[in-house]
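Just the heavy atoms: all of them, side chains too, but no hydrogens, waters or symmetry mates, feed the values below. The chains referred to below are lettered A, B, ... by the order of the sequence lines, with proteins before strands, and numbering in each begins at 1.
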Amino acid sequence: MTNGKVKNQAYELSIHRMGRMWMSAALLVILAVPVAISFYFNSWPAAGPLFGGLLPIMMIYVPIGIIEVITFSPMLGSGATYLAFTTGNLTNLKVPCALNALEIADIEPGSIQGEIISTIAVATSSLVTNLVLVLGVLLFVQLTPVLASPVLKPAFENILPALFGALGYLYISKNWKLAVVPLTLMVVIFLLMPTAPVGILIPVSALSAIAAARFMYKKSML
Amino acid sequence: MGDYRNSMFMFVLGAIVALFVTVQSIVFLKKAWEEGKRKGMPPEKMRKAVVSSAVFTLVPSLSILLTMLTLSGALGLALPWIRLSVIGAVTYELPAAEAAAQAAGASLMGAGVPVSVFSVIVWVMTLGIMSGPLFIIAYFKKLQSKINQIKVEDNRWGALLISAMFVGLISSFLGSALAGGMVSILTLFSSALLMVVCIMIEQKAGLKVFKDFALPLSMIGAMALAILYSGLLGG
């Protein structure tokens, strides 16, 4: 085994150790919020409303949560995965941010350099979002009429097409053969069911892309 | 009881969560930066990743901020701040809060919710999104070693597999945008076109700034055009 590989493995092991530790601590902090609120206000939820609210949400978000880990972690790498799954906003922010940073740095995702750049990107992104939210809390009165103005409404309503149009061009122009099957499938599904939740369809799209890629790879079409 | 939702206690909780996330981000940033230096990565490349990521994050963060302001009507300011600082997303928090409110016999549409409903909402929003982090703690290391094994066995297929996942993710959002009405379709194509323009300017004029900030530029331009399209098409 080469020295470089040993060093990469040492980094991988240490990032997993650190990541698990921080993620466990984060879960405790996140769980402490409802506990503290219930204690402080002396208001614990009754089982009926709690499970009544949790059931429909968990039916959708338990599979989505697991699928997101399986889908996004190979793209993000270890460090960025631990951090992104603590700080949230993956599809609309952290994953595109990491992809953008990798693209600018001209680095392959999944490589050790890719691991470093995507961790830097996700950490920076988390810090900036945090800062924006703190400013939002401090400047609530001043910001509300601006951000919630009817003029800006279409801009914020279309933030995902604005993000994925540019990102789509970047990746699909490089990998157009990989995109034919998933893109066709997604267009057909969304035309038939325009309100279908994207979160559920991401793994369907990713699996169809992987199956098509495997087929073309075996047939030497890529 | 006064407005418990915007009490000092709630903001102290928010500050603790925000501080935790900030410290964690700095620790991971430092770790990656040091590893990059050890691997001989040019600091300039890493600095550029910081700057481009910070600039890119601004616009989506405003959208997250808007969600915080929207939720603040019923839930106060501190709880949406806490929830949007940690695991969850713009697309999760609102339906989770609404499902919890309905289960407790209330609605987010009103001016505010009583503390009994508020506690149900907090618990549901928190517990409903735990599966991803728990799965990571339990299985991520194994998953990662499986992916590394694929890369070792067939490096080219390993790279293609990750590219296919990227393209799959992007395709699902493209499909959703294409079926989202005329303003959404026009915004999508405008964004792609602006990206082409940025790349051309970078290549023809050698202005690196158009490569480094191509994504935020395209995104902001397309969002501005969405306002125009919406005005013209009346939607």
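With a 4.5 Å cut-off on side-chain heavy atoms, A/Ile116 and B/Trp33 do not count as touching. The shortest side-chain heavy-atom distance between B/Glu35 and A/Thr119 does not fall under the 4.5 Å cut-off. Contact annotation: the side chain of A/Val132 never approaches that of B/Ile64 to less than 4.5 Å [non-hydrogen atoms, C-beta and beyond]. You'll find the side chain of B/Trp123 stays beyond 4.5 Å of the side chain of A/Pro49, heavy atoms only. Taking 4.5 Å as the limit, some side-chain heavy atom of B/Ile26 sits within range of a side-chain heavy atom of A/Leu127. In this structure the side chain of B/Met219 never reaches within 4.5 angstrom of the side chain of A/Leu167, judged on heavy atoms.
Checking side-chain atoms of B/Ser131 against main-chain N and O of A/Tyr61 turns up a donor-acceptor pair under 3.5 Å. A/Asn158 places no side-chain N or O within 3.5 Å of a backbone atom of B/Ala226 that could act as its donor or acceptor partner.
Atom OG1 of B/Thr67 is separated from atom CG of A/Leu133 by 9.5 Å, given to the nearest 0.5 angstrom.
The aromatic rings of B/Phe166 and A/Tyr171 sit tilted, their planes meeting at an angle between 30° and 60°.
Note: A/Tyr82 and B/Phe140 meet the aromatic proximity criterion, with ring centroids under 6.0 Å apart. B/Phe20 has its ring centre less than 6.0 Å from the ring centre of A/Trp22.
Within the 4.5 angstrom heavy-atom criterion, atoms from both the backbone and the side chain of B/Ser163 approach chain A. Residue B/Met41 touches chain A through its side chain alone, counting heavy-atom pairs closer than 4.5 Å. Neither the backbone nor the side chain of B/Met125 comes within contact range of chain A, judged by heavy atoms closer than 4.5 Å. When heavy atoms are compared at a cutoff of 4.5 Å, B/Phe118 approaches chain A solely by way of its side chain, counted from C-beta outward.
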Check step by step if side-chain contact (heavy atoms from CB on, under 4.5 Å) holds for A/Leu163 and B/Phe173.
CA-CA 9 Å; A/Leu163 168 58; B/Phe173 280 95; over 6 Å; no
For a quick test of your reading: what N or O donor-acceptor pairs under 3.5 Å do the side chains of residues 100-111 of chain A make, sequence neighbours left out?
residue, atom, partner, partner atom, Å
A/Glu103, OE1, A/Lys174, NZ, 2.8
A/Glu103, OE2, A/Lys174, NZ, 2.6
A/Ser111, OG, A/Glu108, O, 2.7
A/Ser111, OG, A/Gly114, N, 3.0

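Listed options B/Ile121, B/Leu143, B/Ile185, B/Leu225 were ranked by heavy-atom pairs under 4.5 angstrom with chain A; first place goes to B/Leu143. When B/Gly158, B/Ala224, B/Gly128 are compared by the number of non-hydrogen pairs under 4.5 Å with chain A, B/Gly128 comes out ahead. Put simply, of A/Phe85, A/Phe156, A/Tyr40, the one with the most heavy-atom pairs under 4.5 Å next to chain B is A/Tyr40. With chain B as the partner, the residue from A/Ile64, A/Val187, A/Leu27, A/Ile189 showing the most heavy-atom pairs under 4.5 Å is A/Leu27.
Contacts of B/Glu34 classified as salt bridge (Lys or Arg N to Asp or Glu O under 4.0 Å), with partners at least two apart in sequence or in another chain: B/Lys30.
With B/Ser53 as reference, A/Cys97 is the one residue of A/Cys97, A/Ser118, A/Ser126 to meet the side chain to side chain contact (heavy atoms under 4.5 Å, CB included) rule.
Inspection of the B/Asp154 and A/Tyr217 side chains reveals an N or O donor paired with an N or O acceptor under 3.5 Å.
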